[in-house]
Undergrad: 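The structure's right below; bear with me while I get my questions together.
Just the heavy atoms: all of them, side chains too, but no hydrogens, waters or symmetry mates, feed the values below. Below, chain A is the first sequence line, B the second, and so on; all start at residue 1.
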2 protein chains.
Amino acid sequence: MEYSVHIRMNERLFLREPESSDLGRRIIRQGILLFNDVGFEEATFRKLAERINTKEASIYRYFENKHRLLVYLVAWYWQWVDFQLVFQTNNLTSPREKLEKLLRLLLLLDLDDSFSDDMDIRALHSTVIREASKVYLTHHVTEDNRQQLFKPYKDLCQRIADIILAYRPDYPYAHSKASSLIETSHYQSFFMQNLPSLTDFKQADSSEPEAMNKLLDFMRHLLFSSLDAV
Amino acid sequence: MEYSVHIRMNERLFLREPESSDLGRRIIRQGILLFNDVGFEEATFRKLAERINTKEASIYRYFENKHRLLVYLVAWYWQWVDFQLVFQTNNLTSPREKLEKLLRLLLLLDLDDSFSDDMDIRALHSTVIREASKVYLTHHVTEDNRQQLFKPYKDLCQRIADIILAYRPDYPYAHSKASSLIETSHYQSFFMQNLPSLTDFKQADSSEPEAMNKLLDFMRHLLFSSLDAV
DNA sequence: GCGTAAATGATAGTATTACTATCAGGTAAA
DNA sequence: TTTACCTGATAGTAATACTATCATTTACGC
């Protein structure tokens, strides 16, 4: 049995609903791959148009600009993570186990198939690691925030904070801890791959899993040492 | 008595040494202010040229492009922090006190005068918080790393890791902890100011110090709970 | 199947950005 | 005083980031 869980997005993220047409879906799916291949700065709507055999102008009918497309993709990702978190922890009663699940989810371990709703989740995860902070590290962050563009990220943080508070009801930094957890998992992944001397997870050989498991250990240590502190 | 400690920069960061001429110094000092005022994305060499009454082409004689100017400024900042850390902890024997000093330094508390070598440190700090990650979150990170552009950041991490290891000789994550500390202090500052629901530091009134002190408490908690864990 | 509205393709055009090139004039050092 | 170097000034190019227009195709309602 297969489920297709459609993620409903904030309407201010796009000009025309991309999931409503074939072209729109190609923009999203290939947009992920383009960002992955050339990076956000070097990506252009012209290149994306060539990739999907359409014209620049057609893409502009869906998204105001490249930045908005990135915001959309990142928002989609956070909603996906949020859904996965709810789904995977639904049967669990122990907050500690939920947090354990969360860590594996943030690092995208045990992902059964890397496509969901036809989206390349692994590629999206890589893109989010590299580019997500550019979504809010802008001069117009306040205006974007007013338009609720970051709501999926905030919702996820709130959900994590709730689990933290279920684990330790009097923990005073639940929200900061939640946002730190997300951010730390991302740039430690990035550093591990690109600037390994900023981490303690050197890959012995070219097979990743060993380093990835050490990163997971670190994240677990970070999380529980602070939550279990007096 | 005044000291003027000149920070020597990696020569691959510029085309012509900016500290060697009046124009070069204006590029650096006003560059900080421009990034602060309009943000990295909206800044251009043309705007900077207008600000310092010169021409675009003259700035290109000092820096290959806007990104390299940012890399320069951020590298300068890390070298400045590194120097401050050494200087301020020189007389201390207790690693714990050194770490305490470090936290205050990363948050730029107790900065006596906000100018150093005529650089507006507060403005630079704000710029680093908002823009520093764009220095390495690029498609050409590997090439830039090969050119040693991130050495000041790595050196600072190494110095912090050394202090951590002086405090807990068998701590297995000294480098990751060091880089996490720096990054966390920055985006928590950013979130506190721009997306406060991602933190637990709401400002009661418009005076910052209260929230800032709570952030310091959080950072102290994060650092020592993990280092003091079994 | 027919008529209408909406989506797309195709082409063109503009303003801005991100540079590069050239050369004249001024300044500083030898 | 010659020479080298730095800066100012102007110009120009390629690419980017859009916007506008109109013909064509597709989808949908009847």
Side-chain angles (χ1 to χ4, degrees), chain A residues 9 11-31 34-35 37-73 131 134-135 138-140 143-144 149, chain B residues 9 11-31 34-35 37-73 131 134-135 138-140 143-144 149:
Chain A
M9 306 292 294
E11 297 200 351
R12 265 163 292 206
L13 286 168
F14 49 77
L15 298 173
R16 179 176 302 175
E17 164 79 75
E19 290 298 335
S20 72
S21 75
D22 180 58
L23 180 61
R25 278 184 293 272
R26 269 149 59 215
I27 291 170
I28 299 303
R29 272 104 187 127
Q30 289 294 319
L34 178 64
F35 283 151
D37 288 353
V38 307
F40 178 70
E41 282 73 20
E42 281 71 30
T44 66
F45 275 2
R46 185 169 301 239
K47 288 178 189 166
L48 180 53
E50 279 164 21
R51 221 176 228 258
I52 59 186
N53 289 313
T54 183
K55 298 286 165 178
E56 221 181 342
S58 299
I59 302 179
Y60 276 106
R61 288 176 181 125
Y62 284 85
F63 290 99
E64 254 178 85
N65 53 49
K66 186 174 66 158
H67 189 260
R68 283 286 165 128
L69 172 56
L70 179 65
V71 176
Y72 180 96
L73 293 175
E131 320 290 2
K134 295 168 191 168
V135 163
T138 68
H139 200 240
H140 45 89
E143 178 52 27
D144 289 351
L149 304 192
Chain B
M9 305 292 295
E11 297 199 350
R12 265 163 291 206
L13 286 167
F14 49 77
L15 298 172
R16 181 174 302 173
E17 163 80 76
E19 291 297 334
S20 72
S21 75
D22 180 59
L23 180 61
R25 279 184 294 271
R26 270 151 57 216
I27 291 171
I28 299 303
R29 271 98 188 135
Q30 290 292 319
L34 177 64
F35 284 151
D37 288 352
V38 307
F40 178 69
E41 281 75 20
E42 281 70 29
T44 66
F45 276 2
R46 187 169 299 237
K47 288 178 189 167
L48 181 53
E50 280 164 20
R51 221 177 229 258
I52 60 185
N53 290 313
T54 184
K55 298 285 166 181
E56 220 182 342
S58 298
I59 302 180
Y60 277 104
R61 288 177 181 126
Y62 285 84
F63 291 98
E64 252 178 89
N65 54 48
K66 185 173 69 156
H67 189 261
R68 284 288 165 125
L69 172 57
L70 180 65
V71 177
Y72 180 96
L73 293 176
E131 320 291 2
K134 296 168 192 168
V135 162
T138 68
H139 201 239
H140 45 89
E143 178 52 26
D144 288 352
L149 304 193

Undergrad: Output yes when at least one side-chain N/O atom of B:Tyr62 is less than 4.0 Å from OP1 or OP2 of D:dT7, else no.
TA: yes
Undergrad: For B:Arg61, answer base if it contacts any base atom (sugar-phosphate contacts may also be present), sugar-phosphate if it contacts only those atoms, and nothing otherwise; contact means non-hydrogen atoms under 4.0 Å.
TA: base
Undergrad: Starting from C1' on C:dG9, measure out to CD1 on A:Ile27 and report it in whole angstrom.
TA: 13 Å
Undergrad: Please check if the number of heavy atoms outside A:Glu143 that lie under 6.0 Å from its CD is greater than 12.
TA: yes
Undergrad: Among D:dG8, D:dA17, C:dT8, which nucleotide has an atom closest to any side-chain atom of A:Lys66?
TA: D:dA17
Undergrad: Starting at atom CG of A:Asp22, determine the distance to atom C1' of C:dA6, rounded to an integer number of angstrom.
TA: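 Interatomic distance, CG of A:Asp22 to C1' of C:dA6: 16 Å.
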Undergrad: Going by modelled atom types, is there a donor-acceptor pair between the base of C:dC19 and the side chain of B:Glu56 at under 3.5 Å?
TA: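 Indeed there is one.
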Undergrad: Does A:Ser21 place a side-chain N or O at less than 4.0 Å from the phosphate oxygens OP1/OP2 of C:dA7?
TA: no
Undergrad: Name the closest nucleotide to the A:Ala57 side chain, picking from D:dA9, D:dC18, C:dT11.
TA: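 Looking only at side-chain atoms, A:Ala57 lies closest to C:dT11.
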Undergrad: Any sub-3.5 Å donor-acceptor pair from B:Gln30's side-chain atoms to B:Ile52's backbone N or O?
TA: no
Undergrad: Of the nucleotides D:dC18, D:dC6, C:dA7, which one has an atom closest to the side chain of A:Tyr60?
TA: D:dC18
Undergrad: Between C1' on D:dA17 and CD on A:Glu41, what's the gap in Å once rounded to a whole number?
TA: 15 Å
Undergrad: Is A:Arg68 reaching over with its side chain to a backbone N or O of A:Arg12, donor-acceptor style, under 3.5 angstrom?
TA: yes
Undergrad: Salt-bridge test for B:Asp37 and B:Lys47: reply yes if a basic N is under 4.0 Å from a carboxylate O, no otherwise.
TA: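 Not counted as a salt bridge, because no side-chain N and carboxylate O are separated by less than 4.0 Å.
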Undergrad: May I have the distance from A:Glu50 (atom CD) to D:dT16 (atom C1'), rounded to whole angstrom?
TA: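 Going from A:Glu50 (CD) to D:dT16 (C1'), I get 13 Å.
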Undergrad: Are any side-chain N or O atoms of B:His139 and backbone N or O atoms of A:Phe35, one a donor and one an acceptor, separated by less than 3.5 Å?
TA: no
Undergrad: Of all the nucleotides listed (D:dC18, C:dT8, C:dC19), which has the minimum atom distance to the side chain of A:Leu23?
TA: C:dT8
Undergrad: Take the protein atom CD of B:Glu42 and the nucleotide atom P of C:dA15, then report the distance between them rounded to whole Å.
TA: 20 Å
Undergrad: Answer with base, sugar-phosphate or nothing: what part of the nucleic acid does A:Glu64 contact at a heavy-atom distance below 4.0 Å?
TA: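 Sugar-phosphate contact only.
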